[in-house]
Amino acid sequence: MKRIIRDIVKYLLPLLCGVWLFWYVYQKLDIETIFQILKTDVNYFWVILSMAVAVFSHIARALRWRLQLRALHIYPSMRELVNAIFGMYAMNLLFPRLGEVWRCGYLAQRERASFSKVLGSVVSDRLSDTAMLALLTLLVFFMQMRPFRQFLDENPSIEAGVIGTLTSVWLYVGIALCVVAVVWFFRTNSQSRFVQRIRGLMANVWAGFASIVTMKGKFWFIFYTLFIWFCYFMQLYLCIFAFPSTSHLTVAAVLLLYVLGSLGMGLPVQGGIGPWHLAVIAGLSYYGITGNEAGAFAFVAHGAQMVLVVLIGIYAFISMACDKKKPKGEPVMEDIVTEIPESDRL
């Protein structure tokens with residue numbers, strides 16, 4: 001019962017919040033007008049091109065991950081890597097953040113590798129993405145300071161909350177107390193089997209995380225990272241040409257929309273449904289694009305990527321089902337039978 005309640009809070013509640021936020025945004029708009037815009041005013045060539053660019057970003061993510069795994073002496077095939085990345089996005093669409101764990105488990109099982117080491121490589125993978133988003137946010141903040149300032153002026157509680165949290169003495173006292181408590185627990189229970197297992201797990205995670213330092217091909221890692229984020233930006237940038245109302249937007253304007261949307265995607269809601277739409281529609285309002293036109297753009301730009309996630313997810317799971325390679329981490333019946341003495345076989 002506790003597990004069911006935990007799963008409801010963890011997965012269903014964020015989805016319901018996202019759906020409610022989506023409804024809250026679109027209930028103010030004229031749905032019939034939006035559908036009319038989708039039928040007559042949208043050039044879907046640009047939308048399809050945006051989806052194609054997204055596929056390249058996912059493949060580049062697989063290539064970047066391969067560099068880290070090779071530093072851990074894990075050598076999966078490109079097919080396995082692509083299946084893991086495609087499947088990850090599909091799983092995240094169902095359960096927020098579960099896709100990251102799933103791709104680690106899939107690859108660790110296929111290659112008989114340490115799950116915690118693979119997880120460590122994913123941690124460093126995601127940290128590099130977080131660093132890129134932080135840099136883009138700073139860049140956009142200085143390029144588009146006026147819209148940011150307007151947003152904060154319209155929402156003073158957000159600015160006050162952030163400043164209050166960062167300047168609160170209790171925040172740093174709490175962090176210090178947590179660190180002291182963890183250090184004390186590990187030192188006083190150093191012989192505990194549980195503590196030893198945790199240490200082993202953390203050592204493997206650290207080894208995976210450190211792969212970003214020890215791996216060969218650091219130039220390619222940086223190249224793939226920049227290429228991934230360039231593709232991410234182009235997905236949104238190409239979509240603006242699909243709508244007459246947005247085709248005049250500048251690169252700087254689309255960068256602002258992209259950062260706002262990325263921050264919305266950071267919330268643990270399946271596919272960013274709701275938060276992404278709210279963030280992008282709010283961003284469009286700074287450039288005079290409001291109402292049904294903004295709602296239609298957000299619906300198509302986000303919906304195209306969700307359709308793509310479903311398609312690549314279907315491809316990944318069909319590919320895995322058709323893969324005849326025996327998983328290294330899973331014994332098959334032929335292997336088991338050969339280990340049984342002939343006298344004991346049926």
Side-chain angles (χ1 to χ4, degrees), residues 43-69 78 81-82 84-86 88-90 92-93 99-100 103 121-144 147-148 212 215-243 246-266 271-272 276 279-280 283-284 287 297-298 300-309 311-312:
N43 185 343
Y44 284 99
F45 165 78
W46 295 105
V47 178
I48 294 172
L49 187 59
S50 169
M51 296 169 69
V53 170
V55 174
F56 285 107
S57 72
H58 301 333
I59 294 174
R61 182 173 292 279
L63 289 168
R64 186 179 70 171
W65 194 24
R66 183 172 64 173
L67 293 173
Q68 297 172 265
L69 292 172
M78 195 60 197
L81 287 166
V82 170
I85 295 299
F86 284 5
M88 173 195 71
Y89 284 105
N92 279 338
L93 191 58
E100 307 294 351
R103 71 153 153 161
S121 70
V122 171
V123 171
S124 60
D125 177 272
R126 284 307 187 184
L127 281 178
S128 63
D129 288 334
T130 302
M132 281 297 300
L133 179 58
L135 289 174
L136 278 175
T137 302
L138 286 175
L139 175 65
V140 171
F141 178 78
F142 288 110
M143 291 177 62
Q144 299 285 76
F148 263 113
I212 199 171
M215 68 183 178
K216 296 180 180 179
K218 293 182 179 64
F219 166 81
W220 286 107
F221 184 90
I222 296 173
F223 172 80
Y224 290 139
T225 300
L226 294 175
F227 182 77
I228 289 168
W229 283 82
F230 172 75
C231 288
Y232 284 171
F233 168 75
M234 289 302 297
Q235 292 170 40
L236 188 61
Y237 185 70
L238 290 171
C239 279
I240 72 169
F241 298 108
F243 293 81
T246 59
S247 58
H248 67 282
L249 291 177
T250 64
V251 170
V254 180
L255 269 174
L256 174 63
L257 297 179
Y258 175 73
V259 168
L260 292 175
S262 297
L263 295 175
M265 290 291 285
W276 192 91
V280 170
L284 286 170
Y287 304 102
F297 175 85
V300 170
H302 184 271
Q305 298 308 315
M306 294 304 98
V307 169
L308 177 65
V309 167
L311 292 177
I312 64 177

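Note that the CD1 atom of Ile59 and the CD1 atom of Ile228 stand 11.0 Å from one another [nearest 0.5 Å]. Summarising the geometry, atom CZ belonging to Phe219 is positioned 9.5 Å from atom OH belonging to Tyr224; distances are rounded to the nearest 0.5 Å. Rounded to the nearest 0.5 angstrom, His302 NE2 and Gln235 CD are separated by 11.5 Å. Interatomic distance, CG of Leu136 versus CG of Leu256, reported as 11.5 Å (0.5 Å rounding). Atom CG of Leu257 is separated from atom SG of Cys239 by 11.5 Å, given to the nearest 0.5 angstrom.
Considering only heavy atoms from C-beta on, His248 stays 4.5 Å or farther from Ile240 through its side chain. Side-chain atoms of Leu249 and Leu284, non-hydrogen and from C-beta on, do get closer than 4.5 Å to each other. Between Phe227 and Arg64 the shortest side-chain heavy-atom distance does not fall below 4.5 Å. Contact annotation: the side chain of Val122 never approaches that of Gln68 to less than 4.5 Å [non-hydrogen atoms, C-beta and beyond]. In this structure the side chain of Val280 never reaches within 4.5 angstrom of the side chain of Leu236, judged on heavy atoms. Inter-residue side-chain proximity for Glu100 and Asn92 is flagged as met; some heavy-atom pair is nearer than 4.5 Å.
Between Phe86 and His58, the ring planes lie perpendicular to each other; the angle is over 60°, past the 30° to 60° tilted range. Using cut-offs of 30° and 60° on the angle between ring planes, the pair Phe297 and Phe243 is perpendicular. Taking the six-membered ring for Trp and thresholds of 30 and 60 degrees, Phe241 and Tyr237 have ring planes more than 60 degrees apart, a perpendicular arrangement. Note: Tyr232 and Trp229 have perpendicular aromatic rings, judged against thresholds of 30 and 60 degrees for the angle between ring planes. A perpendicular orientation is assigned to the rings of Phe233 and Tyr258, their planes being inclined by more than 60° (bins at 30° and 60°).
Taking every heavy atom of both residues into account, Leu67 and Gly217 meet most closely at CD1-O, 3.6 Å. The two residues Ala301 and Trp276 have their closest heavy-atom pair at CB-CH2, 3.8 Å. Annotation for Trp46 and Leu238: closest pair CB-O, 3.4 Å, computed over non-hydrogen atoms. When all heavy atoms of Ala62 and Met78 are compared, the pair lying nearest together is CB-CE, 3.8 Å. Residues Ala304 and Val47 come closest through the heavy atom pair CB-CG1, 3.5 Å. Here the closest heavy-atom approach between residue Cys231 and residue Phe56 is recorded as SG-CB, 4.4 Å.
Applying the salt bridge (charged side-chain N to carboxylate O under 4.0 Å, His left out) definition to pairs two or more places apart or across chains, those involving residues 44-63 are Arg61-Asp125, Arg61-Asp129. For residues 47-56, there are no salt bridge (charged side-chain N to carboxylate O under 4.0 Å, His left out) pairs, not counting sequence neighbours. Sequence neighbours left out, not one pair with a member in residues 227-236 passes salt bridge (charged side-chain N to carboxylate O under 4.0 Å, His left out).
Shown here are the side chain to side chain donor-acceptor pair (under 3.5 Å) partners of Gln305, two or more places apart in sequence or in another chain: Ser50. Scanning for side chain to side chain contact (heavy atoms under 4.5 Å, CB included) contacts around Leu226 gives Met132, Ile222, with sequence neighbours left out. By the side chain to side chain donor-acceptor pair (under 3.5 Å) test, Thr246 pairs with no residue at all, sequence neighbours left out.
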